[in-house]
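Here is the structure we will look at.
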Amino acid sequence: MEKQYRLLYDENLCIGCQACSVACRVENSVPDEVYRLQVHLHTKGEFPNLGMNYERLSCVMCENPPCVSVCPTNASFQSKDGLVHIDERACITCKYCILACPYHARFINPLKNVVEKCNFCYETRVSKELLPSCVSICPTDALSFGDMRHKHSLVHQKSHKEVLVFPKAHLGTKPKVAFIPNRKGMKS
Ligand code: SF4
Ligand code: SF4
Ligand code: SF4
């Protein structure tokens, strides 16, 4: 593969401000009723023994993407750098990919009537050596992104320093998005 992109989400640093999801919506003109990225709050127990945790919900850019293998028109495809994209012109809105995605990351854009999902802001930002809009706006540096082949990059260094969780790893999808799990929040 030409690149080995990774996006890290550090649950310990996330304050749930939603700046990332707003930036995503603006960058990608996502209509109000759907989303490419959400950050959910989970709570456990009651005050003063209240545990809290934030969870990022979006496409995790599987290296083995079930959404691509089910697509009858090749509208869903994987590029040489391993990212999963959608060719809107070829999408017939059959919804197979929506059903196949174990991360519930895909939706139909009601304005265009085609399937969409997070693409790491590839066309508008990453292909121009810019960070995805969510990463660039996060005020606490909870998000980091880059090419794992660059040993001095933040994403490479953090990946080797922290314990990483790859969501639903047991499915064999090999996500490019990894979480640094909350060390404190859900204890109550
Ligand atoms: S998270 Fe879903 S939409 Fe994204 S690559 Fe994986 S299967 Fe496809
Ligand atoms: S909805 Fe579009 S992208 Fe998804 S499987 Fe059908 S043709 Fe492919
Ligand atoms: S912008 Fe950063 S701190 Fe705010 S919700 Fe998103 S990941 Fe969390």
Side-chain angles (χ1 to χ4, degrees), residues 1 5-28 30 34-42 52-79 81-110 112-122 131-145 154-155 158 166-182 185:
M1 281 197 193
Y5 289 119
R6 177 170 290 169
L7 189 149
L8 282 183
Y9 169 62
D10 189 340
E11 293 180 356
N12 300 283
L13 297 178
C14 181
I15 54 171
C17 68
Q18 303 295 338
C20 53
S21 50
V22 172
C24 169
R25 196 171 285 288
V26 172
E27 179 77 30
N28 299 295
V30 182
V34 287
Y35 64 88
R36 289 186 180 202
L37 165 64
Q38 274 190 329
V39 176
H40 278 191
L41 169 65
H42 299 281
M52 292 170 67
N53 197 36
Y54 290 106
E55 180 188 19
R56 177 186 162 103
L57 298 171
S58 190
C59 173
V60 297
M61 286 290 180
C62 306
E63 212 160 299
N64 300 323
C67 57
V68 168
S69 48
V70 298
C71 180
T73 65
N74 294 326
S76 283
F77 65 97
Q78 197 169 29
S79 57
D81 53 21
L83 298 187
V84 174
H85 297 283
I86 300 167
D87 178 354
E88 290 184 357
R89 295 161 306 175
C91 178
I92 55 171
T93 326
C94 69
K95 304 182 192 166
Y96 289 176
C97 58
I98 294 178
L99 292 172
C101 171
Y103 303 92
H104 310 294
R106 291 176 167 240
F107 59 92
I108 295 176
N109 182 321
K112 300 187 195 166
N113 197 32
V114 290
V115 165
E116 270 186 26
K117 67 171 190 71
C118 162
N119 64 357
F120 285 171
C121 300
Y122 186 78
L131 292 170
S133 58
C134 58
V135 179
S136 92
I137 203 154
C138 178
T140 65
D141 291 336
L143 297 166
S144 38
F145 177 84
L154 184 62
V155 78
K158 265 193 159 185
F166 292 87
K168 300 188 182 178
H170 62 283
L171 298 177
T173 47
K174 297 180 82 181
K176 294 187 191 306
V177 176
F179 299 169
I180 299 170
N182 196 337

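The shown structure was predicted, so the numbers you read here are calculated from the model rather than taken from an experiment. Order of listing sets the numbers, starting from 1, for every ligand and every atom in it. Numbering of residues begins at 1 and proceeds along the displayed sequence.
- Across all non-hydrogen atoms, the minimal contact from S133 to A23 is OG-O, 3.7 Å.
- With hydrogens left out, the protein atom closest to atom 2 (Fe) of ligand 1 is C101 SG, 2.3 Å, a heavy atom.
- Contacts between V60 and ligand 1, counted as non-hydrogen atom pairs separated by less than 4.0 Å, involve both the backbone and the side chain.
- Using a 4.0 angstrom heavy-atom cutoff, T173 does not count as in contact with ligand 1.
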So C121 and N28, side chain to side chain contact (heavy atoms under 4.5 Å, CB included) or not? Walk me through it.
-> CA-CA 8 Å; C121 300; N28 299 295; 3.9 Å; yes
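- Under a cut-off of 6.0 angstrom, the local environment of NZ in K168 is crowded, with over 12 non-hydrogen atoms contributed by other residues, nucleotides or ligands.
- Between Y5 and F145, the two ring planes are parallel [angle under 30°; tilted spans 30° to 60°].
- Annotation for I108 and V34: closest pair O-CG1, 3.8 Å, computed over non-hydrogen atoms.
- Distance CG/D141 to NZ/K158: 7.0 Å, rounded to 0.5 Å.
- The contact set between ligand 1 and P66, taken as ligand atoms under 4.0 Å from a residue heavy atom, comprises 7 (S).
- Put simply, the side chain of C97 does not reach to within 4.5 Å of the side chain of C71, judged on heavy atoms.
- Regarding atom 8 (Fe) of ligand 1, its nearest protein heavy-atom neighbour is C67 SG, 2.3 Å.
- Counting protein heavy atoms only, atom 3 (S) of ligand 1 is closest to R106 NE, 3.2 Å.
- In this structure, Q38 contributes its side chain and S21 its backbone to no donor-acceptor pair below 3.5 Å.
- A side-chain donor from one of T173 and Y103 sits under 3.5 Å from a side-chain acceptor of the other.
- Around CZ of F166, the count of heavy atoms belonging to other residues, nucleotides or ligands within 6.0 Å exceeds 12.
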Where do N182 and M52 land on the side chain to side chain contact (heavy atoms under 4.5 Å, CB included) test, with the steps shown first?
-> CA-CA 9 Å; N182 196 337; M52 292 170 67; over 6 Å; no
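- Between C101 and K117, the closest side-chain pair of non-hydrogen atoms is not below 4.5 Å.
- The atoms of ligand 3 that sit less than 4.0 Å from any heavy atom of T140 are 3 (S).
- When only non-hydrogen protein atoms are considered, atom 4 (Fe) of ligand 1 lies nearest to C59 SG, 2.3 Å.
- Among protein heavy atoms, the minimum distance from atom 6 (Fe) of ligand 1 is reached at C62 SG, 2.3 Å.
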Check the pair L7 / M61 against side chain to side chain contact (heavy atoms under 4.5 Å, CB included), numbers first and verdict last.
-> CA-CA 9 Å; L7 189 149; M61 286 290 180; over 6 Å; no
Verdict with supporting geometry, L57 and H40, side chain to side chain contact (heavy atoms under 4.5 Å, CB included) = CA-CA 7 Å; L57 298 171; H40 278 191; 3.3 Å; yes
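- Q18 places a side-chain N or O within 3.5 Å of a backbone atom of V39 that can act as its donor or acceptor partner.
- Considering only heavy atoms from C-beta on, E88 stays 4.5 Å or farther from N109 through its side chain.
- Screening the protein for N, O or S atoms under 2.8 Å from atom 6 (Fe) of ligand 3 yields 1; no waters enter the count.
- Heavy-atom contacts of K117 reach the following atoms of ligand 1: 3 (S) (cutoff under 4.0 Å).
- Close approach to Y103 involves these atoms of ligand 1, each under 4.0 Å from a residue heavy atom: 1 (S).
- Taking a cut-off of under 4.0 Å to the non-hydrogen atoms of P139, the atoms of ligand 3 that pass are 1 (S).
- Excluding water, every protein N/O/S atom under 2.8 Å from atom 2 (Fe) of ligand 2 is given here by residue and atom: C91 SG.
- The closest approach between a heavy atom of P72 and any atom of ligand 2 is below 4.0 Å.
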